[in-house]
Amino acid sequence: MRAEGLRTVRRILCVFPRYTSSFGTFEHAYPLTDGVQAFMPPQGLLLIAAYLPANWPVRFVDENIRPASREDFEWAEAVFVSGMHIQRQQMNDICRRAHAFNLAVAIGGPSVSACPDYYPSFDYLHVGELGDATNELLARLADDPSRPAQQVVLKTNDRLSMTEFPIPAYELAEVKKYLLGSIQFSSGCPYQCEFCDIPGLYGRNPRLKTPEQIVAELDRLRECGMTDTIYFVDDNFIGNRKAALDLLPHLIEWQKRTGYVVRLACEATLNIAKRPEILEKMREAQFVTVFCGIETPDPDALHAMHKDHNMMVPILEGIQTINSYGMEVVSGILMGLDTDKPGTADALLKFVDDSRIPLLTINLLQALPKTPLWDRLEREGRLVDDDGRDSNVEFLMPYEEVISSWKRCMEIAYEPAKLFARYQYQCEYTYANRIKVPVAPEMKSWSNIRRALIMLRNIFWQVGVLGDYRRVFWKFAFGRLRRGDIEGFIGSATIAHHLIKFARAASGGQQNASNYSIRLREASVPAE
């Protein structure tokens, strides 16, 4: 579905802001690939680009790949921007650059929807999801694209049904330059974890696309060149378990039709381990990774943050169950909780060893607006407004002790020998449980073989020759290559390199301890 009924043609420039160095965007892995420059195509802006009237010319620029140029701004009649809190400074910088060309700038997405006051310079604030506010914004621009005399705030009251969403304009993105593809099946989550803003922004009753829409989007991603892993960016893939079960047979048939060229990944709550009927179908659909917000192995802490669903099955048992279906678990971990004690770091490191999870995003707790945590800490007078800190939370433990514990956990958890030992376990146990599929002709093509050779060359040279952990690397490499596990070797070595590099910078105080902290946000400078 597209916006209709607008006769005047407008040229719209959609600009996605850069990320700064982050544990979860894998920028240290990019030099080992065959040309990856960014993490995932942004769903929000590409959806808006697809919703614009068919006769409106649109350009899309992801500043993680290249900055918007003078020519882009001179071409445009209005600029659209979207992003998350961690991109706040970059979004404001895009607005500043667009205003230099006297262009009206509209901002939408999760950050402005939660905190409109973060963006005083923008001409239009689009608060909420795609819907009546979007139509009003387009009508205003069709009538007059010039900057309004004062800021206009448009709030969505009537959301467009996700069954009417157009296919995001993946064709505008340089899909081959992304580490992962992105796709969205649902919006919202039924749980109310204290620190999470998803229910406040998108509701507790997940809204859904149809399986037919998802298959059409997957086909479009493939047409645009995506050949690796496609990530379901849903807040919780099993937020509606019946819908997930209805979708999975369609994904299985799609994989059979396309030759199992693409791997799938998603986010889900750990209680997915209690659903073998879902896990088995996910295995058949070639899901290879599940991100679970485990947060902490401490039951008291889970109860305090209203995440009791993580205890519906013993955590380590749940991880092993998911692994047994061939899916690697990626875990979110929080430090700085009210329940943390002097021994919390040691308990967390033991959990890392016992779980054998290679990739854990260890973050300091940050209170986000529109969360129960924010409301509670505001009542208790424990919100800190200090950009020099790594968190806006006044911890119950001394701040410096929490930071020191975080640095220690990062240093030890991602010590190369420990990390590769965990990857070795994944290769031998988890990856071995994946379904065996025939090698599609596409996988045997010269372009695909050439791509693998380029990555092997980069890995061998930059890690095996120039790297300072090459002894550990070669031990892992020889073991995997002797078994003919080239794919497992490339995937593990590439991501491990990022984790090791980032963790070293983190333990040395050169990275933020929270993804939401603006301390050290060097990307606030104008794009070059």
Side-chain angles (χ1 to χ4, degrees), residues 1-17 42-56 58 60 76-85 87-88 91-92 94-95 98-99 103-169 184 186-188 197-209 233 235 369-370:
M1 178 178 179
R2 284 184 176 269
E4 298 175 345
L6 301 174
R7 296 182 181 178
T8 310
V9 175
R10 299 298 180 203
R11 297 184 301 276
I12 304 299
L13 174 63
C14 296
V15 185
F16 188 68
Q43 283 279 308
L45 268 183
L46 294 177
L47 175 64
I48 290 295
Y51 185 71
L52 293 174
N55 61 335
W56 284 28
V58 57
F60 167 75
E77 292 179 272
V79 177
F80 287 2
V81 181
S82 179
M84 299 178 287
H85 291 318
Q87 297 165 296
R88 173 182 171 186
M91 287 189 280
N92 281 319
I94 294 168
C95 181
H99 281 170
L103 294 170
V105 190
I107 182 172
S111 184
V112 69
S113 295
C115 298
D117 56 306
Y118 281 1
Y119 304 99
S121 299
F122 281 79
D123 302 290
Y124 293 97
L125 304 188
H126 182 292
V127 177
E129 297 181 73
L130 186 66
D132 55 351
T134 318
N135 294 333
E136 184 177 351
L137 171 63
L138 301 183
R140 284 173 176 262
L141 291 174
D143 181 60
D144 182 2
S146 62
R147 296 182 60 189
Q150 60 185 22
Q151 186 178 78
V152 177
V153 180
L154 305 172
K155 297 184 179 180
T156 298
N157 294 310
D158 183 14
R159 297 183 298 190
L160 184 69
S161 169
M162 289 186 72
T163 59
E164 298 183 68
F165 276 20
I167 296 175
Q184 183 180 25
S186 66
S187 176
D197 60 356
I198 296 303
L201 288 173
Y202 305 118
R204 295 185 62 195
N205 184 24
R207 301 157 61 228
L208 304 159
K209 293 177 183 175
V233 298
D235 311 307
K370 291 193 180 296

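Since the model is a prediction, treat every value here as computed from it, not as a measurement.
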Self-check item: Over all atoms of both residues, closest heavy-atom pair of D144 and S146
Solution: OD1-OG, 2.7 Å
Exercise. For residues Y202 and P110, report the shortest heavy-atom separation together with the two atoms involved.
Key: OH-CB, 3.4 Å
Quiz item: Sub-3.5 Å donor-acceptor pair from the side chain of E77 to the main-chain atoms of R11, do we have one?
Solution: yes
Quiz prompt | M91/Y118 under side-chain contact (heavy atoms from CB on, under 4.5 Å): CA gap, chis, key distance, verdict | solution = CA-CA 10 Å; M91 287 189 280; Y118 281 1; over 6 Å; no
Quiz item: Is there a side-chain contact between V58 and F80, using heavy atoms and a 4.5 Å cut-off?
Solution: no
Practice problem: Identify the heavy atoms of A76 and L103 that sit nearest to each other, and give their distance. | Solution: O-CD2, 3.2 Å
Quiz item: Taking the side chain as C-beta and beyond, is there a heavy-atom pair between I107 and C95 under 4.5 Å?
Solution: no
Self-check item: Shortest non-hydrogen contact between A106 and L137, atoms and distance
Solution: CB-CD2, 3.9 Å
Quiz prompt | Backbone N/O of N157 and side chain of D132: donor-acceptor pair under 3.5 Å | solution = yes
Quiz prompt | Side-chain touch L52/L138, heavy atoms, less than 4.5 angstrom | solution = yes
Practice problem: State, yes or no, whether a side-chain contact exists between L125 and V152 at a heavy-atom distance under 4.5 Å. | Solution: no
Practice problem: Mark yes or no for whether Q87, through its side chain, and P17, through its backbone, hold a donor-acceptor pair below 3.5 Å. | Solution: yes
Quiz item: Which atom pair, heavy atoms only, marks the closest approach of V105 to A98?
Solution: CG2-CB, 3.4 Å
Quiz prompt | Minimum heavy-atom distance G131-T156, with the two atoms named | solution = CA-CG2, 4.1 Å
Quiz prompt | By ring pair (Phe, Tyr, Trp, His ring centres under 6.0 Å) - contacts of F60 (at least two apart) | solution = none
Quiz prompt | D235 side chain vs G188 backbone, donor-acceptor pair below 3.5 Å | solution = yes
Quiz item: Is there a donor-acceptor contact under 3.5 Å from the side chain of S82 to the main chain of G108?
Solution: yes
Self-check item: Beyond-backbone contact of R207 with N205, side-chain heavy atoms, under 4.5 angstrom
Solution: no
Practice problem: Look up atom CD in E129 and atom CG in D158, then write down how far apart they are to the nearest 0.5 Å. | Solution: 11.5 Å
Self-check item: Short side-chain to backbone donor-acceptor contact, Q151 and F122, under 3.5 Å
Solution: yes
Quiz prompt | By side-chain hydrogen bond (donor to acceptor under 3.5 Å, both in side chains) - contacts of E136 (at least two apart) | solution = R140
Quiz item: Nearest 0.5 Å, what's the OG-NE2 distance between S111 and H85?
Solution: 4.5 Å
Exercise. Start with the C-alpha gap between S187 and M162, add the side-chain angles, then the distance that decides, and say whether side-chain contact (heavy atoms from CB on, under 4.5 Å) holds.
Key: CA-CA 9 Å; S187 176; M162 289 186 72; 3.8 Å; yes
Quiz item: Hey, is D197 close enough to K370 for a salt bridge, meaning N to O under 4.0 Å?
Solution: no
Quiz item: Quick one: does K209's side chain have a donor or acceptor within less than 3.5 Å of a partner on F165's backbone?
Solution: no
Self-check item: Check: A142 main-chain N/O paired with R10 side-chain donor or acceptor under 3.5 Å
Solution: yes
Quiz item: Any donor-acceptor pair under 3.5 Å linking the side chain of R204 with the backbone of P199?
Solution: no
Quiz item: Mind checking what makes side chain to side chain contact (heavy atoms under 4.5 Å, CB included) contact with T134, not counting sequence neighbours?
Solution: I48, Y51, H126, L130
Quiz item: Nearest 0.5 Å, what's the OG-CD1 distance between S121 and I94?
Solution: 13.0 Å
Quiz item: Counting only N and O atoms by type, is there a donor-acceptor contact under 3.5 Å from the side chain of S161 to the main-chain atoms of T163?
Solution: yes
Quiz item: Testing V9, I12, L6, T8 for side-chain contact (heavy atoms from CB on, under 4.5 Å) with P53, which one passes?
Solution: L6
